[in-house]
Structure formats: structure tokens, C-alpha cells
Amino acid sequence: MNEYKHENILHKRNFDLQFSIRFEIVDDVNFYSPFHWHNHIEILYVIEGKIDFTIEQRKYVLSNEDMIIVNSENIHSSKLRGHAKYILLQVPLSVFEGIYDGIETVTLNEKTSQADSGKLFSYLSEMLRFVDDKKQEHKVKFISLLYDFLYVLLSSQQAKNKKAAAISYYGINRISPVMAYVEKEFREKITLSQAAEIINVSPEHLCRLFKKYTDMTFNEYLMSLRISAFYQLLQNSNQKISVLLEECGISNYKVFIREFKKTFGKTPEAIRNEINSCMTPKENL
């Protein structure tokens, strides 16, 4: 049986470190990230706009000055409500090697108070001043601020409910091979029976597992990956919409368009027209 493991590819910015982090300000419109996971702690701080954020079955609506923390190996997804701007930090557990034993057993509170968000944000904003600076001493300053931030995070946000974390860890490990396989092969025709064989369960049991740990059905998860991929292509390609649909493995156009409109509030044609209307005459030739 093949084993599949999902890993986000993160960048090192300008630092030649033994670990890779992602740290940036994201400014986007209607971005949709389907359910996924990674072995990083993720922190998202909203500067402006609204974001629907889901961690397993727990749903949050984030707005200005809200912060969300995603523990390592937790399945999560996000959807911007129109335009949103936010700070994103993803830190691998390897950052703690040799300095914090048992970090993999630590569970952090997902939602922070306004006071704690403000305190943590002060470190993030200071880190932004040094993240792209080429000066050697500024690189040292950035790493210093990063560890100060992590110290405050661990000191103030450790959760008391370890049982929930253990259940979550079991859930992701149970269905992660299926999710990773689907993420890799979603452009192809995938059946529920094929997916169930990956973890040696019946199709019915796989359906129950998906619903339990993601609050989605298997088909809804597959559709979410196709919607996300199609939306990115729609914004970055001049190909006909029918061609993009085929590239994303979509055969039932009517059902897909209905689900796409549920997610983004508009048809692909309407979004394509908006993109074209924002282009200069020269770009639109």
C-alpha cells in the first residue's frame, strides 16, 4: 500500500537557516484554501477584512485584529470574504529542536483574546521590519524577535484540554493518507472505493471518518480541491473556461458551477469579466 504525506513547501526568505518558515503579509480577494494540514504551527492575524476559518469541525469568523492559531497536524481551511489583508506565519516544529522537549505534545489555544492578540501582533509587526533586510545584524534581530514571539506564544496560549488534542491527532493520522492522495490526483477520476482502499476500510466507513474529522463528505472534499485549483487558474490564465474545467478534472459542469457559485457568490464567467474589466487596454489585447 502506498503511503502519502502532505507537506506545505515553505520558503526561507533571505535566511540560511536549518529550518524553513513562511512569514509575509497576504493581500488577496476571495482566496479559498481547502482542507489541508502540515507539521507547522500556523498563526494568522487579520489586518483588514473578514475570513471564514475552519479547524476540523470548529468554525470561526475572523475580522480586524483577530488572531487564529492552528496547531501542528490539525486539518484546517480558510475562505476570504471578498478582500482581506493578513499576516501569515508558519513555523515548523523543528524550530524547537534541542530547546523545548516534547513540543509535539503541546496544544495551543486556537482563538486568542484581543489583549493577547495585540501583544503577539506587536512582535509580528516588529519582525516585519527586518524580514527582508540584507544586513547580517538585522537577520540576527529577526531570529531574536521570532523566538521572543514563540516564548510569549507558549507562555500565554497553552491549552488545558489535552484529550481533545489527542483525538484530533488520531483523526488526522487516520485519514491523512486519503487526503494526500486526493490532493495529488484530484484532476483524475477518483472514486470513493479507490480512496477507501488506501486505508483498507469500506467506502461507507471512509464517509463516516471524513464527516467526523472534517465535517465534510469525501465528495465535498474532492470538490473543494477542484474549486480552489479552478479559481486560481481562472485568475491567472486566458484559456477558455471549458478548458480550465477539464484541466481540473471536472466532468459534471452543471454541478460544479453550482458549487463554485456557493463558494464565491458568482459564476466563473462573472469573475472572468471582472478580471478583464480591471486590465488596461494594452493588457487585454
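Contact annotation: the side chain of Gln158 approaches that of Leu108 to within less than 4.5 Å [non-hydrogen atoms, C-beta and beyond]. In this structure the side chain of Phe31 never reaches within 4.5 angstrom of the side chain of Lys79, judged on heavy atoms. Contact check for Tyr221 versus Val178: no side-chain heavy atoms found under the 4.5 Å cut-off. No side-chain heavy atom of Glu274 sits under 4.5 Å from any side-chain heavy atom of Val29. With contacts defined as side-chain heavy-atom distances shorter than 4.5 Å, the pair Gln157/Val152 does not qualify. When side chains are defined from C-beta on, Phe142 counts as touching Ile21, because their heavy atoms get closer than 4.5 Å. You'll find the side chain of Asn219 stays beyond 4.5 Å of the side chain of Leu192, heavy atoms only.
Of the residues Tyr32, Phe256, Tyr253, the one that meets the ring pair (Phe, Tyr, Trp, His ring centres under 6.0 Å) test with Phe230 is Phe256. Exactly one residue among Val46, Asp28, Leu62 makes a side chain to side chain contact (heavy atoms under 4.5 Å, CB included) with Leu80. That residue is Asp28.
The main-chain N or O of Ser77 is never found under 3.5 Å from a side-chain atom of Thr54 such that the two would form a donor-acceptor pair. Tyr147 places a side-chain N or O within 3.5 Å of a backbone atom of Val95 that can act as its donor or acceptor partner.
Of all heavy-atom pairs between Pro203 and Ser193, the closest is CG-OG, 3.8 Å. Residues Thr267 and Phe260 approach most closely at C-CE2, 4.0 Å, considering heavy atoms. Shown here for Leu145 and Met127, the closest heavy-atom pair between the two residues is CB-CG, 3.5 Å. Nearest heavy atoms, Phe186 versus Leu222: CB-CD1, 3.8 Å. Minimum interatomic distance between Phe53 and Ser78 (heavy atoms only, all atoms of both residues): CD1-CB, 3.7 Å. Across every non-hydrogen atom of Gln194 and Lys189, the tightest pair is OE1-O, 3.6 Å.
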Note to self: Could you walk me through whether Asn71 and Glu42 satisfy the side-chain hydrogen bond (donor to acceptor under 3.5 Å, both in side chains) test, starting with their C-alpha distance in whole Å, then the side-chain angles of each, then the deciding distance to 0.1 Å, before giving a yes or no?
What the structure shows: CA-CA 7 Å; Asn71 288 284; Glu42 178 173 318; over 6 Å; no

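Note that the CD atom of Glu73 and the CH2 atom of Trp37 stand 8.5 Å from one another [nearest 0.5 Å].
Between Arg129 and Glu126 a salt bridge is recorded (basic side-chain N to carboxylate O distance below 4.0 Å). Under a 4.0 Å N-O distance rule, the pair Arg226/Glu259 does not qualify as a salt bridge. A salt bridge is defined here as a Lys NZ or Arg NE, NH1 or NH2 lying under 4.0 Å from an Asp or Glu carboxylate O, and Asp52 with Lys59 fails to meet this definition.
Hydrophobic cluster membership differs between Val70 and Leu146, with clusters built from Ile, Leu, Val, Met, Phe, Trp and Tyr side chains linked at under 4.5 angstrom. Taken together through direct or relayed side-chain contacts under 4.5 Å among Ile, Leu, Val, Met, Phe, Trp and Tyr, Tyr151 and Leu154 form part of one hydrophobic cluster.
Counting non-hydrogen atoms of other residues, nucleotides and ligands closer than 6.0 Å to CD of Glu65 gives a total of 12 or fewer.
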